[in-house]
Amino acid sequence: MISGNKVYLTSIEAGDLEQLRYWRNLPEFRKHFREYREISSSMQHRWFEGVVNGDPSTIMFAIRRKDTDELVGCCGLCYINWIHRHSDLSLYIGKNKAYIDDEGIAEESCRLLFEYGFHELGLNKIWTEIYEFDSKKYNLYKKFGFHEDGFLRKQYFYEGKWWGAFILSLLGEEYDHN
């Protein structure tokens, strides 16, 4: 368990899967994810067994409120490259369909995840790809000092339109100076 002031990060349990699947399937959430399809129960269970429990290059966490133990979201480090010490970032707050909330839960979850990634795992870089319409995540990550490493033109097709994607990254040395 990784504990903060408002939330703590813990392992995802089988009992969390249906709630996480519900949030992932919300159209207003799904538009932000690489997985564009509706996720079935069997797909969710395969992800849990194959990725969460079986892939050493992925470390996923349930985000829970400290005061109630309620599941409020999910975050993790994906596609970890243990040789070059970098990882993709995954995060969403499902509670109240927030996606990225205004209460600071997403921000604190990031801080806990970055502390873990940089200081416990020894990662050099945490990166992410976000679509250009995802201003909530873009603004959150810029608060932490993420840099724009690139922009992928016409990367994502949504609502009849092509959208670009930002590649953002944060180095451990930059995080430690925030």
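The shortest heavy-atom contact between D16 and A62 is OD2-CB, 4.0 Å. The shortest heavy-atom contact between A106 and L140 is CB-CD2, 4.0 Å. The minimum heavy-atom distance linking I12 with W47 is given by the pair CD1-CH2, 3.8 Å. The two residues C74 and L20 make their nearest non-hydrogen contact at CB-CD2, 3.9 Å. A pairwise comparison of heavy atoms in S169 and K125 identifies CB-CD, 3.6 Å as the closest pair. Nearest heavy-atom pair across S109 and L91 is CB-CD1, 4.1 Å.
Residues I167 and E148 form no side-chain contact, since every pair of their non-hydrogen atoms from C-beta on lies 4.5 Å or further apart. L26 has its side chain within reach of K97: a pair of non-hydrogen atoms, C-beta onward, lies under 4.5 Å apart. Looking at heavy atoms from C-beta onward, L168 lies in side-chain contact with I130 at the 4.5 angstrom threshold.
When atom types are taken as modelled, the side chain of N96 and the backbone of A98 share no donor-acceptor pair closer than 3.5 angstrom. Side-chain atoms of Q155 never come within 3.5 Å of backbone atoms of G164 as a donor-acceptor pair (strictly under, hydrogens ignored). Under a 3.5 Å cut-off, the side chain of R85 and the backbone N or O of F118 do not form any donor-acceptor pair. A donor-acceptor contact shorter than 3.5 Å links the side chain of N25 to the backbone of I39. Although no hydrogens or angles enter the test, the distance criterion places a donor-acceptor pair under 3.5 Å between the side chain of W82 and the main chain of P56. Side-chain atoms of S87 come within 3.5 Å of backbone atoms of C78 as a donor-acceptor pair (strictly under, hydrogens ignored). A donor-acceptor pair under 3.5 Å is formed between the side chain of E174 and the backbone N or O of L171. Of the possible donor and acceptor atoms, none in the side chain of K137 sits under 3.5 Å from a partner among the backbone N and O of H32.
Under the rule for a ring pair (Phe, Tyr, Trp, His ring centres under 6.0 Å), the partners of F33 that lie at least two apart in sequence or sit in another chain are Y92. Listed by chain and number, the residues in a salt bridge (charged side-chain N to carboxylate O under 4.0 Å, His left out) with E129 are R34 (sequence neighbours excluded). Residues satisfying the ring pair (Phe, Tyr, Trp, His ring centres under 6.0 Å) test with F48, not counting sequence neighbours, are none. In this structure R30 satisfies the salt bridge (charged side-chain N to carboxylate O under 4.0 Å, His left out) test together with E38, sequence neighbours excluded. Remark: E18 pairs with R21 by the salt bridge (charged side-chain N to carboxylate O under 4.0 Å, His left out) rule, at least two apart or across chains. Under the salt bridge (charged side-chain N to carboxylate O under 4.0 Å, His left out) criterion, K142 pairs with no residue, sequence neighbours left out. Residues satisfying the side chain to side chain donor-acceptor pair (under 3.5 Å) criterion with S135, sequence neighbours excluded, are absent altogether. Applying the side chain to side chain donor-acceptor pair (under 3.5 Å) rule to R65 yields the partners D67; only residues at least two apart in sequence or on another chain are considered. Residues that satisfy the ring pair (Phe, Tyr, Trp, His ring centres under 6.0 Å) test with F166, not counting sequence neighbours, are Y138, F151. Contacts of S11 classified as side chain to side chain contact (heavy atoms under 4.5 Å, CB included), with partners at least two apart in sequence or in another chain: E13.
Following chains of ILVMFWY side-chain contacts shorter than 4.5 Å, one can reach L9 starting from L121, so the two form part of one hydrophobic cluster. If you chain together hydrophobic residues whose side chains sit under 4.5 Å apart, V51 and L77 fall into the same group. Transitive grouping of hydrophobic side chains (ILVMFWY, heavy atoms separated by less than 4.5 Å) brings Y22 and V72 into a common cluster.
Annotation for Y156: hydrophobic cluster partners, listed by chain and number, are Y131, F133, Y158, W163 (ILVMFWY side-chain heavy atoms under 4.5 Å, direct or chained). Through ILVMFWY side-chain contacts below 4.5 Å, W127 is grouped with nothing and stands alone.
Rounding to the nearest 0.5 angstrom, the gap separating the OG atom in S57 from the CD1 atom in I80 is 6.5 Å. Rounded to the nearest 0.5 angstrom, I100 CD1 and D134 CG are separated by 7.0 Å. In this structure, CG in L89 is found 8.0 Å from SG in C75, a value given to the nearest 0.5 Å. Here the OH-CG distance, from Y175 to L123, works out to 12.5 Å after rounding to the nearest 0.5 Å. One finds the CZ atom of F146 at 13.0 Å from the CG atom of N139 (value rounded to the nearest 0.5 Å). Put simply, CD on E120 and CD1 on I2 are 7.5 Å apart, with the number rounded to the nearest 0.5 Å.
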Practice task
Please test T10 against F61 for side chain to side chain contact (heavy atoms under 4.5 Å, CB included), starting from the C-alpha separation and ending with a verdict.
Solution key: CA-CA 5 Å; T10 189; F61 295 99; 5.9 Å; no
Practice task
Decide side chain to side chain contact (heavy atoms under 4.5 Å, CB included) for L71 and I63; before the verdict, give the C-alpha distance in whole Å, the side-chain angles of both, and the deciding distance to 0.1 Å.
Solution key: CA-CA 6 Å; L71 177 68; I63 303 169; 5.8 Å; no
Handout entry: Intermediate values then yes/no, side chain to side chain contact (heavy atoms under 4.5 Å, CB included), C110 and E107
Key = CA-CA 5 Å; C110 281; E107 187 172 343; 5.8 Å; no
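Applying the 6.0 Å contact sphere to NZ of K95 captures no more than 12 heavy atoms from other residues, nucleotides or ligands.
Classification of E70 and R64 as a salt-bridged pair fails, no side-chain N sitting under 4.0 Å from a carboxylate O. Checked for salt-bridge contact, K6 and D101 miss the test: no charged N lies under 4.0 Å from a carboxylate O.
Using a 30° and 60° split on the angle between ring planes, F114 and F144 fall in the perpendicular class, above 60°.
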